[in-house]
There are 2 protein chains.
Amino acid sequence: MSTLDHYVEILKKGNIKVTQQRIDILKYLDSHLSHPTAEEIFLSLKKTHPALSKTTVYNSLDVLRKHGIITTLTITENELRYDFKTKMHHHFLCKKCGQIIDIDISCPNIEKISKFGHRVDEVHGYFKGICKNCLDQGRGKNKSQSLT
Amino acid sequence: MSTLDHYVEILKKGNIKVTQQRIDILKYLDSHLSHPTAEEIFLSLKKTHPALSKTTVYNSLDVLRKHGIITTLTITENELRYDFKTKMHHHFLCKKCGQIIDIDISCPNIEKISKFGHRVDEVHGYFKGICKNCLDQGRGKNKSQSLT
DNA sequence: ATATCAAATTGTAATTAATACAATTTAATA
DNA sequence: TATTAAATTGTATTAATTACAATTTGATAT
Ligand SMILES: [Mn+2]
Ligand SMILES: [Mn+2]
Ligand SMILES: [Zn+2]
Ligand SMILES: [Zn+2]
């Protein structure tokens with residue numbers, strides 16, 4: 001969550017033409033770190049920007065990704081997800097509530113891969129299971145905690 | 001690569017009805033550890049079994065997966081990939097030649113996730129970059145090595 | 001060996017994420 | 001303010017996956 005100028009700066013620094021659509025998408029991703037899909041981003045932004053095209057969302061996300069400003073996750077099966085956080089981290093997908101949680105750990109395996117002779121550009125660490133919240137609820141300890 | 005009886009045994013052990021289609025799919029996955037897509041499996045099996053339906057391939061893969069006989073990979077963006085190898089291992093996707101290589105290492109991070117309170121059922125470790133073969137070719141050391 | 005029947009297969013249609021493309025608009029520069 | 005390359009829009013298309021009804025078949029009991 002930052003001032004709009006912050007997103008303008010990010011775009012200018014990458015020599016990306018500054019448009020309202022791109023600012024909106026960046027702002028959305030920065031304030032929704034839940035790894036949304038293109039569809040979710042589109043539907044949300046369309047509320048306050050009815051003329052927005054889904055193609056623009058896809059195009060903008062591609063541009064941002066190619067410039068390393070955002071990253072993508074292939075953790076779910078049918079759609080790509082987007083992440084404003086680019087620092088290497090892991091993810092946990094809860095198969096019950098569906099949320100994708102950031103896990104701030106690094107990967108100690110990169111060096112091993114390099115020893116095989118491959119050049120590693122990206123590291124993706126995903127875990128799937130049941131999150132703490134869902135486990136607690138399943139045990140009857142319903143503390144009426146929100147899952148959104 | 002095993003005798004057909006082996007795949008029959010696998011199905012029977014899982015209380016899965018034995019059909020020629022399921023045997024064929026299992027055999028294909030066992031002898032093609034390249035993490036094929038449903039489409040690739042379908043096209044290859046259709047050659048010797050022209051009546052095969054793509055729906056059957058999807059259904060069978062789902063059944064096999066639900067019984068833990070095969071696993072799935074979401075490493076590429078547009079399609080699911082299937083793996084006969086269920087023992088926990090990592091993967092490396094070469095962005096040049098497209099092949100997905102098995103990396104036989106384990107994940108030292110599982111315990112950390114458990115400490116967060118989540119229950120971990122699946123571990124997915126993916127790396128992306130340029131594989132050794134492609135790197136060597138790029139350096140002009142073309143030893144005419146096959147990439148298939 | 002044969003009849004039975006739930007389950008599997010098939011073929012087609014529907015859904016959905018993503019991409020292609022031509023017309024229009026706009027951000028950046030002069 | 002005029003210019004222009006790039007971005008946006010809307011629509012059409014592609015491609016992976018799922019839904020579903022009709023048909024076939026594997027396993028069981030007779
Ligand atoms: Mn994240
Ligand atoms: Mn594998
Ligand atoms: Zn959960
Ligand atoms: Zn390669």
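Predicted model only: the values in this text are computed from it and were never measured. So you know, we letter chains A, B, ... as the sequences are listed, proteins then strands, and number each from 1.
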Intermediate values then yes/no, ring pair (Phe, Tyr, Trp, His ring centres under 6.0 Å), B:Phe84 and B:Tyr28: CA-CA 9 Å; B:Phe84 186 76; B:Tyr28 183 89; over 10 Å; no

Over how many whole Å does the gap from [X] atom [atom1] to [N] atom [atom2] extend?
X       : N      : atom1 : atom2 : answer
B:Arg81 : D:dA16 : CZ    : P     : 10 Å
B:Lys66 : D:dT18 : NZ    : C1'   : 12 Å
A:Tyr58 : C:dT16 : OH    : P     : 12 Å
A:Glu77 : C:dT16 : CD    : P     : 16 Å
A:Lys54 : D:dT13 : NZ    : C1'   : 14 Å
A:His67 : D:dA6  : NE2   : C1'   : 13 Å
B:Glu39 : D:dA15 : CD    : P     : 10 Å
B:Phe42 : D:dT17 : CZ    : C1'   : 14 Å

Look at the side chain of [X] and decide which nucleotide, out of [options], has an atom nearest to it.
X       : options                : result
A:Glu79 : C:dA18, C:dT10, D:dA7  : C:dA18
B:Lys17 : D:dA27, D:dA6, C:dT9   : D:dA27
A:Asn78 : D:dT17, C:dA27, C:dT10 : D:dT17
A:Thr55 : C:dA20, D:dT17, D:dA7  : C:dA20
B:Leu52 : C:dT10, C:dA27, D:dT17 : C:dT10

Sugar-phosphate only, base, or nothing, as touched by B:Val63 at under 4.0 Å among non-hydrogen atoms: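 No contact at all - B:Val63 keeps every heavy atom at 4.0 Å or more from the nucleic acid.
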
Residue whose nearest DNA chain D nucleotide is more 5′ - A:Asn59 or B:Thr19: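 Upstream on the strand: A:Asn59.
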
Pairwise 5' ranking along DNA chain D for B:Asp62 and A:Val57, keeping only the more 5' one: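 Residue closer to the 5' terminus by nearest nucleotide: A:Val57.
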
Establish, from distance only, whether the side-chain atoms of [X] and [Y] form a donor-acceptor pair under 3.5 Å.
X        : Y        : answer
A:Arg81  : A:Thr37  : no
B:Asn133 : B:Gln137 : no
A:His90  : A:Asp104 : no

Tell me whether the side-chain N/O atoms of [X] come closer than 4.0 Å to OP1 or OP2 in [N].
X       : N      : value
A:Gln21 : C:dT26 : no
A:Arg22 : C:dA27 : no
B:Ser60 : C:dT9  : yes

Heavy atoms of other groups near B:Lys85 NZ, more than 12 under 6.0 Å: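 Yes, the 6.0 Å shell around NZ holds more than 12 heavy atoms from other groups.
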
